[in-house]
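Let me begin by presenting the structure, written as structure tokens, before commenting on it.
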Number of protein chains: 2
Amino acid sequence: MNASSRGERVEREGPTFSPLYRQIKGLITRSLQGGEWKPGELIPSETELAARFGVSQGTVRKAIDELAAENLVVRRQGRGTFVATHQEARAQFRFLRLRPDQAGEAGVMDSRILECRRLRAPGDVARALQLRAGEAVVQIRRLLSFQGQPTVLDEIWLPGAQFRGLTFERLSAYTGPLYALFEAEFGTRMIRATERVKAVAADEATAKALAVAAGEPLLLVERVTYTYEDRPVEMRRGLYVTHRHHYRNELG
Amino acid sequence: MNASSRGERVEREGPTFSPLYRQIKGLITRSLQGGEWKPGELIPSETELAARFGVSQGTVRKAIDELAAENLVVRRQGRGTFVATHQEARAQFRFLRLRPDQAGEAGVMDSRILECRRLRAPGDVARALQLRAGEAVVQIRRLLSFQGQPTVLDEIWLPGAQFRGLTFERLSAYTGPLYALFEAEFGTRMIRATERVKAVAADEATAKALAVAAGEPLLLVERVTYTYEDRPVEMRRGLYVTHRHHYRNELG
DNA sequence: TAGTGGTCTAGACCACCGT
DNA sequence: CGGTGGTCTAGACCACTAA
């Protein structure tokens with residue numbers, strides 16, 4: 001699978017052509033996915049990988065460039081290239097786009113697990129997670145508060161098969177980003193997500209949980225999160241109070 | 001300003017060091033900004049630019065890589081590199097993140113200008129556009145409808161100095177993206193933007209304009225748009241009806 | 001066919017990090 | 001100091017486009 005000898009050229013693979021560096025990227029991705037190098041660990045140097053795959057360092061470099069751009073890997077000059085992890089402060093707010101209106105008052109964030117149970121996937125969840133209807137899923141409900149103010153009410157759905165040992169107790173005992181727990185304990189790394197945002201009125205139960213009036217306008221944020229190879233592994237429905245916060249977005 | 005002769009090395013410029021390719025990027029950006037090449041036009045080939053700046057083609061290439069990543073230019077293999085423009089179908093929905101819930105029913109979009117007047121900048125607008133308080137600005141109000149349904153009510157603020165000939169008549173006569181008009185007629189190219197999204201209840205006037213009930217939850221989308229060198233040149237406040245649409249976002 | 005961007009290589013040197 | 005990623009060069013060849 002490597003172009004070992006000088007001058008040997010890589011052929012088109014079926015109808016779709018990939019340049020060499022993209023094939024190398026695929027090989028590295030497979031190693032990441034397979035756990036050859038774990039989150040936070042150092043991967044081999046560019047020179048080493050070049051030797052392993054029988055290509056030039058520049059080609060490996062271009063492959064890693066793309067992996068770094070996709071946040072699968074982090075470069076550190078003088079030290080090496082590391083497998084990205086949700087453990088770092090850097091990565092905390094990569095997926096949560098809610099920000100305080102007055103910048104600076106980041107303040108304390110508190111997460112409280114309300115519920116964690118296993119049940120059969122409702123239709124929409126099964127569809128989003130590409131499961132067969134009625135397959136087992138884990139449902140988590142939790143409340144995020146910022147300096148004591150209840151602000152985000154989340155309902156999270158995960159495929160039951162991949163999250164066997166996930167219990168209310170385990171979640172409640174854990175402090176820190178959920179995605180860090182998922183990657184460390186369940187070998188599932190969240191890579192990217194898409195969100196659909198709408199404005200809705202708070203129903204009675206929601207209003208009570210978030211300590212706002214019934215009918216209060218809230219952001220409804222529906223997220224589908226993907227791991228390697230664009231496989232969906234989480235669906236999330238969040239209700240955000242935007243009195244003192246907003247959903248921030250950068251348009252490139 | 002160019003490292004013409006072989007072996008001559010570029011020095012640190014004051015306390016901040018830039019690699020050569022980034023300096024080249026700056027020179028190309030300046031030419032874009034100065035109008036040496038207009039939106040939609042072909043810029044010189046990489047070889048030509050390399051000769052002009054006295055660097056290797058690879059260095060120019062890396063500079064253009066970044067410009068392409070920032071959507072300032074568009075590469076077309078076999079043809080050349082073009083100055084990006086808001087005229088193309090590709091670029092239409094780069095800034096408007098509203099999407100129909102049922103994909104596929106893109107349908108007809110209709111834009112109706114409600115108002116266009118010149119006045120002194122209110123405090124928040126002046127601050128966002130980095131103008132002195134009370135400086136002249138243009139205010140535009142418009143309504144976007146999708147298959148006949150009023151959906152977006154926009155209030156747009158522009159610096160008066162840069163948008164002199166902008167009138168209600170000129171806007172109403174124009175069909176197509178506003179940013180295409182701005183770049184063609186006023187030499188102002190919108191590069192990137194940041195948005196802050198909140199959920200709010202429709203007030204009486206808004207409800208009427210959008211044909212919804214008063215108190216209806218709406219998305220409030222506040223945008224600040226920047227041109228070259230991160231100079232803010234537009235502030236926008238939009239109210240979105242999300243009955244059959246949603247605000248779509250990709251989390252990388 | 002000529003010209004463009006796209007890929008790949010090999011080798012040099014720089015900037016940064018830890019020991 | 002040695003090793004890592006970061007920059008820069010020069011040159012070869014490929015893929016695509018237009019004339």
Side-chain angles (χ1 to χ4, degrees), chain A residues 1-13 15-28 37 41-69 72-84, chain B residues 1-13 15-28 37 41-69 72-84:
Chain A
M1 173 49 87
N2 57 33
S4 51
S5 55
R6 195 63 20 69
E8 176 187 341
R9 260 308 37 81
V10 176
E11 301 297 332
R12 291 162 188 275
E13 303 181 336
T16 63
F17 168 75
S18 287
L20 228 200
Y21 74 87
R22 213 173 279 277
Q23 297 177 41
I24 301 301
K25 180 187 172 189
L27 293 176
I28 298 175
W37 315 299
E41 284 181 9
L42 188 64
I43 75 172
S45 73
E46 297 178 354
T47 325
E48 217 167 322
L49 290 170
R52 178 203 294 201
F53 297 128
V55 300
S56 82
Q57 192 224 5
T59 299
V60 169
R61 183 163 184 75
K62 187 147 188 185
I64 296 182
D65 277 347
E66 291 201 354
L67 294 172
L72 293 188
V73 113
V74 177
R75 296 170 174 292
R76 286 188 230 251
Q77 184 171 149
R79 299 185 55 196
T81 302
F82 297 78
V83 183
Chain B
M1 172 51 85
N2 58 33
S4 50
S5 55
R6 195 64 21 69
E8 176 187 341
R9 259 312 32 84
V10 175
E11 301 297 334
R12 292 163 188 274
E13 302 181 335
T16 62
F17 169 75
S18 287
L20 229 201
Y21 75 86
R22 213 173 279 278
Q23 297 178 40
I24 301 301
K25 179 187 173 190
L27 294 176
I28 297 175
W37 316 298
E41 284 182 10
L42 188 63
I43 76 172
S45 73
E46 296 178 354
T47 325
E48 217 167 324
L49 290 170
R52 178 203 291 201
F53 298 128
V55 300
S56 82
Q57 193 224 4
T59 299
V60 168
R61 183 164 184 77
K62 188 147 188 186
I64 295 181
D65 277 347
E66 291 202 353
L67 294 172
L72 294 188
V73 298
V74 177
R75 296 170 173 291
R76 288 189 229 252
Q77 183 171 156
R79 298 184 57 195
T81 302
F82 297 78
V83 183

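Each chain gets a letter, A, B and so on, in the order its sequence line appears, and its residues count up from 1. All heavy atoms count here, side chains included; hydrogens, waters and symmetry mates do not.
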Exercise. Would one find a side-chain N or O of A:Arg75 under 4.0 angstrom from OP1 or OP2 of D:dG6?
Worked result: yes

Problem set entry | Within-4.5 Å side-chain heavy-atom neighbours: A:Ile64 and A:Leu49 | yes

Exercise. Taking OP1 and OP2 of D:dG3, is either one under 4.0 Å from a side-chain nitrogen or oxygen of A:Thr47?
Worked result: no

For this session: Tell me which nucleotide among D:dT9, D:dG5, C:dC8 gets nearest to the side chain of A:Thr81.
Result: D:dG5

Problem set entry | Residue whose nearest DNA chain C nucleotide is more 5′ - A:Ser56 or A:Gly78 | A:Ser56

Exercise. In terms of the nearest nucleotide of DNA chain C, which residue is placed more toward the 5' end: A:Thr59 or A:Arg79?
Worked result: A:Thr59

Exercise. For the pair made of CZ in A:Arg22 and C1' in C:dG6, what is the distance, rounded to whole Å?
Worked result: 11 Å

For this session: Scan A:Gln77 against the nucleic acid and name what it touches under 4.0 Å (heavy atoms): base, sugar-phosphate only, or nothing.
Result: base

Problem set entry | Residue pair B:Ala63 / B:Tyr21: nearest heavy atoms and the distance that separates them | CB-O, 3.3 Å

Exercise. Do B:Glu66 side-chain atoms and B:Arg22 backbone N/O form a donor-acceptor pair below 3.5 Å?
Worked result: no

Exercise. Can you tell me how far C1' of D:dT7 sits from NZ of B:Lys25, to the nearest Å?
Worked result: 15 Å

Exercise. A:Ile64 has an atom CD1; how far is it from atom C1' of D:dG5, in whole Å?
Worked result: 9 Å

Exercise. Between A:Lys62 and C:dC8, is there a side-chain N or O to OP1/OP2 distance below 4.0 Å?
Worked result: no

Exercise. Nearest-Å distance, CG (A:Leu20) to P (D:dC13)?
Worked result: 17 Å

Problem set entry | Spacing of B:Arg76 atom CZ relative to D:dA18 atom P, expressed in whole Å | 10 Å

Problem set entry | Close side-chain approach of A:Leu20 to A:Phe53, heavy-atom, < 4.5 Å | no

Exercise. In whole angstrom, what separates A:Glu46's CD from C:dG11's C1'?
Worked result: 15 Å

Problem set entry | Residue B:Glu48, side-chain atoms from C-beta onward, closest of C:dC8, C:dT4, D:dT4 | C:dT4

For this session: May I have the distance from A:Leu67 (atom CG) to D:dG5 (atom C1'), rounded to whole angstrom?
Result: 15 Å

Exercise. Under 4.0 Å: is that the gap between some side-chain N or O of A:Arg61 and OP1 or OP2 of D:dG6?
Worked result: yes

Exercise. Once you round it to whole Å, what is the distance between P of D:dG5 and CG of A:Asp65?
Worked result: 12 Å

Exercise. Taking all non-hydrogen atoms of both residues, which atom of A:Arg61 and which atom of A:Arg75 are closest, and how far apart?
Worked result: O-NH2, 3.3 Å

